[in-house]
Amino acid sequence: MKYTTRKSAILLLSDGTIFHGKSIGISGTTFGEVCFNTGMTGYQEIFTDPSYFGQIMVATNAHIGNYGVNDKEVESGDIKIAGLVCKNFSFNFSREDASGSLEDYFTKQNLICISDVDTRGLVSYIRDNGAMNSVICTDGTPIEELKAALAKVPDMKGLELASKVSTKEPYFFGDENATYKIAALDLGIKTNILRNLAKRDCYIKVFPYDSKYSELAAFNPDGFFLSNGPGDPDPLFSAIEVAKEILANDKPLFGICLGHQVIALANGISTYKMFNGHRGINHPVKNIITGKGEITSQNHGFAVNKEELDNNPDMEITHLHLNDGTVAGMRMKEKNCFSVQYHPEASPGPHDSSYLFDQFIENIKK
């Protein structure tokens, strides 16, 4: 067996707390809000999910990299997380259809990673003290320099990030001869959402985050979709206006995650930054309409104000998160519009909520 020596590395939190570990080999520093995901599989999908842009991801699974990477299992064109914190990083992999190692994948995209960290202790600390900005350092930069640089990193609250991950030009997905046409506003859309729509006989045109309603409507779509994405929904003035115009024209509308929050804001319902957020593939949700429970995949650090939603005569709650009672889904009473705070397109993950795509198609048929 070949033994190698790896450089010491640190994770510095904005409150001054330091966690020690080892660099996987890429030298440098990276900044972002530290958060954790409790999923036991699907690390490649997590790393390429645009909703994680600007965040340093802590993996709670003890082993990362053991099944390598597969070019088909991505949610966007490249890695979107700012950095990775893990316990055991596997330089070797043992999966037959893997296209390469996670180490090579990180090296190609210059992702900085710290391993050998007490991730149980770190997650416990974040749970008690909340999500905060942090920096991974693998190049020996002095602590005081890191603290000074970290102090200048903007807080996630009020931060508009959709523009960093949205497409620059419109593009198409699916069969152009499909039965239904969908106009999707890309706030950080996951590829598997597009796959799920295409699988249901949809031809999708994906538009940049700041597109106007007139541009989406010129496609003459049967329905409109507002995607997931990173950052605070409050600064997304253009997307909020698009949602208002879709509703004013009484068109079918479906929103997921950030899109769900944009629909709330379009109806005068505020959003807020959560203490920790929900990130994992085992979150329990109750469907208020059917009374059934669902295990869901979630990834969000902001949520819709439940009290304001309850008091809005045009809206009703359709889904509730069973761990903390936060809003997991809503719909409009007199409009063809609904949205959820979680990810029905989860892969890997639970498929309990994939019916929501069917519900969207049924709404279009009506």
Side-chain angles (χ1 to χ4, degrees), residues 45 48-53 71-80 160-231 233 235-247 249 251-263 266 299-300 336-340 342-347 354 356-361 363-364:
E45 288 84 351
T48 56
D49 181 350
S51 294
Y52 283 121
F53 184 86
D71 293 336
K72 297 177 182 177
E73 296 174 355
V74 295
E75 293 290 358
S76 65
D78 53 21
I79 292 174
K80 292 297 190 294
E160 185 279 298
L161 293 176
S163 59
K164 308 292 186 185
V165 295
S166 179
T167 182
K168 303 303 179 188
E169 298 291 337
Y171 66 92
F172 296 94
F173 192 98
D175 181 0
E176 62 180 339
N177 297 312
T179 303
Y180 309 105
K181 292 167 66 177
I182 307 297
L185 191 65
D186 178 13
L187 307 176
I189 198 164
K190 292 171 67 178
T191 302
N192 210 40
I193 289 175
L194 298 174
R195 294 191 194 107
N196 269 274
L197 289 170
K199 189 166 67 174
R200 288 164 174 83
D201 204 17
C202 293
Y203 183 49
I204 310 104
K205 186 173 183 179
V206 184
F207 292 84
Y209 81 104
D210 57 352
S211 299
K212 294 180 172 58
Y213 170 75
S214 58
E215 296 174 278
L216 275 69
F219 181 52
N220 195 26
D222 299 294
F224 292 81
F225 177 78
L226 303 183
S227 84
N228 63 291
L236 294 174
F237 307 114
S238 175
I240 294 167
E241 187 58 35
V242 166
K244 287 179 179 179
E245 293 193 53
I246 293 170
L247 296 173
N249 285 277
K251 301 295 184 181
L253 176 61
F254 179 27
I256 287 177
C257 213
L258 186 60
H260 161 82
Q261 296 159 14
V262 166
I263 291 172
N299 169 21
H300 61 103
N336 197 340
C337 169
F338 73 104
S339 61
V340 290
Y342 52 94
H343 288 273
E345 81 291 345
S347 181
S354 60
L356 291 164
F357 289 104
D358 299 320
Q359 182 179 320
F360 183 37
I361 302 304
N363 283 1
I364 290 173

Q) What's the verdict on side-chain contact (heavy atoms from CB on, under 4.5 Å) for F207 and Y171, showing C-alpha distance, side-chain angles and the deciding distance? A) CA-CA 7 Å; F207 292 84; Y171 66 92; over 6 Å; no
Q. Could you go step by step and tell me if R195 and E345 meet the salt bridge (charged side-chain N to carboxylate O under 4.0 Å, His left out) rule?
A. CA-CA 9 Å; R195 294 191 194 107; E345 81 291 345; over 6 Å; no
Q. After noting the C-alpha distance and the side-chain angles of L194 and V206, does the key distance pass the side-chain contact (heavy atoms from CB on, under 4.5 Å) rule?
A. CA-CA 9 Å; L194 298 174; V206 184; 3.8 Å; yes
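For F224 and Y213, the distance between ring centers is under 6.0 angstrom.
Using a 4.5 Å heavy-atom cutoff, the side chains of V340 and I256 are in contact. Between S76 and D49 there is no side-chain heavy-atom pair separated by less than 4.5 Å. Contact annotation: the side chain of S211 never approaches that of V242 to less than 4.5 Å [non-hydrogen atoms, C-beta and beyond]. Taking the side chain as every heavy atom from C-beta outward, N363 and F254 never approach each other to under 4.5 Å. Considering only heavy atoms from C-beta on, L236 comes within 4.5 Å of L258 through its side chain.
The line from NZ of K80 to NZ of K164 is 13.5 Å long, rounded to the nearest 0.5 Å. Rounded to the nearest 0.5 Å, atoms NZ (K190) and CD1 (I193) are 6.5 Å apart.
Here the side chain of N228 pairs no donor or acceptor atom with the backbone of L187 at under 3.5 angstrom. Within the 3.5 Å criterion, the main-chain N or O of G229 finds a donor-acceptor partner in the side chain of S51. Side chain of T48 to backbone of D78: no donor-acceptor contact under 3.5 angstrom is found. Under a 3.5 Å cut-off, the side chain of E75 and the backbone N or O of P50 do not form any donor-acceptor pair. For D186 (side chain) and S166 (main-chain N/O), no donor-acceptor pair under 3.5 Å exists by modelled atom type.
Between L197 and the options F360, Y203, F173, a side chain to side chain contact (heavy atoms under 4.5 Å, CB included) holds for only F360.
Taking both residues in full, the closest heavy atoms of P233 and I240 are given as O-CD1, 4.0 Å, listed atom of the first, atom of the second, then distance.
Applying the salt bridge (charged side-chain N to carboxylate O under 4.0 Å, His left out) test to pairs two or more places apart or on separate chains, those with a residue in residues 196-223 are R200-D358.
Partners of E45 by salt bridge (charged side-chain N to carboxylate O under 4.0 Å, His left out), not counting sequence neighbours: none found. Every ring pair (Phe, Tyr, Trp, His ring centres under 6.0 Å) that Y342 has, sequence neighbours left out, goes to H319.
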